[in-house]
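Below, chains carry the letters A, B, ... as their sequence lines are ordered, and counting in each starts from 1.
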Amino acid sequence: MTARRRYWLMKSEPDTFSIDDLERVRTEPWNGVRNYQARNYMRDGMKVGDGVLFYHSNTAVPGIVGIATIAAEAYPDPTQFDPKSDYHDPKSTREDPRWLLVDVAFERKLSRTIALDEIKARADELGEDFALTRRGNRLSVLPVSAAQWKLLLAME
DNA sequence: GCCAACGTTGGC
DNA sequence: GCCAACGTTGGC
């Protein structure tokens with residue numbers, strides 16, 4: 001009995017960490033997530049081998065730029081314990097860590113950016129449960145259904 | 001750089 | 001437990 005592969009979309013600001021950075025390092029601990037809903041998706045949903053749409057946010061043309069896979073299931077994000085880190089959380093303890101991360105591995109760059117504009121134009125087909133196009137949603141880690149994954153990648 | 005949306009914090 | 005103040009996200 002094997003669990004079905006799941007799919008996700010993960011946002012990153014390319015100035016901070018881009019798809020090219022991921023291609024260079026191959027595998028990256030996805031540190032710095034400080035939103036409980038996003039954390040819960042990583043902790044409760046993600047399994048090794050799951051597919052990830054790599055999304056560039058806060059840039060001239062926001063959109064999906066690559067594909068990655070989950071390479072390690074959730075474990076404590078070490079940056080929360082580092083007083084020098086931007087992601088330091090003084091309220092978190094090693095005995096009861098508040099924040100987790102997963103490892104994300106490079107798979108491939110898309111041949112072109114699937115821009116947010118184009119994605120919005122297909123919002124009806126993607127459905128109301130697609131968090132990226134839901135109004136006001138700022139989640140940086142969000143689930144993607146198999147149908148949504150297929151539809152989005154068919155736009156490449 | 002602006003600002004709408006929305007999550008978090010903390011006083012009460 | 002309410003909710004105003006504040007901070008952050010992210011499109012534009």
Report summary line: Residue set satisfying side chain to side chain contact (heavy atoms under 4.5 Å, CB included) with A/S57, at least two apart, ordered chain then number -> A/K11, A/E13, A/Y55
Query raised in the report: Quick one: on DNA chain B, does A/R138 or A/N58 contact a more 5' nucleotide (nearest heavy atom)?
Result: A/N58
Query - Pairing residues for A/F106 by the ring pair (Phe, Tyr, Trp, His ring centres under 6.0 Å) criterion, not counting sequence neighbours - result: none
Query raised in the report: Would you say the side chain of A/D50 lies within less than 4.5 Å of the side chain of A/V102, judging by non-hydrogen atoms?
Result: no
Report summary line: For A/P78, the side chain to side chain contact (heavy atoms under 4.5 Å, CB included) test, sequence neighbours excluded, returns A/L101
Report summary line: ring pair (Phe, Tyr, Trp, His ring centres under 6.0 Å) filter on A/Y36, not counting sequence neighbours, yields A/W99
Could you pull out the protein-nucleic contacts involving nucleotides 4-6 of chain C (nitrogen or oxygen on both sides, under 3.5 Å)?
none

Nucleotide N/O to protein N/O under 3.5 Å, stretch nucleotides 8-12 of chain B:
unit_1 : atom_1 : unit_2 : atom_2 : d
B/dG10 : OP2    : A/K91  : NZ     : 3.4

Requested in this report: Taking salt bridge (charged side-chain N to carboxylate O under 4.0 Å, His left out) as the test, write out the residues that go with A/E107, two or more places apart.
Outcome: none
Report summary line: Sorted by chain and number, sequence neighbours left out, side chain to side chain donor-acceptor pair (under 3.5 Å) with A/R24 holds for A/D21
Query raised in the report: Partners of A/R134 by salt bridge (charged side-chain N to carboxylate O under 4.0 Å, His left out), sequence neighbours excluded?
Result: none
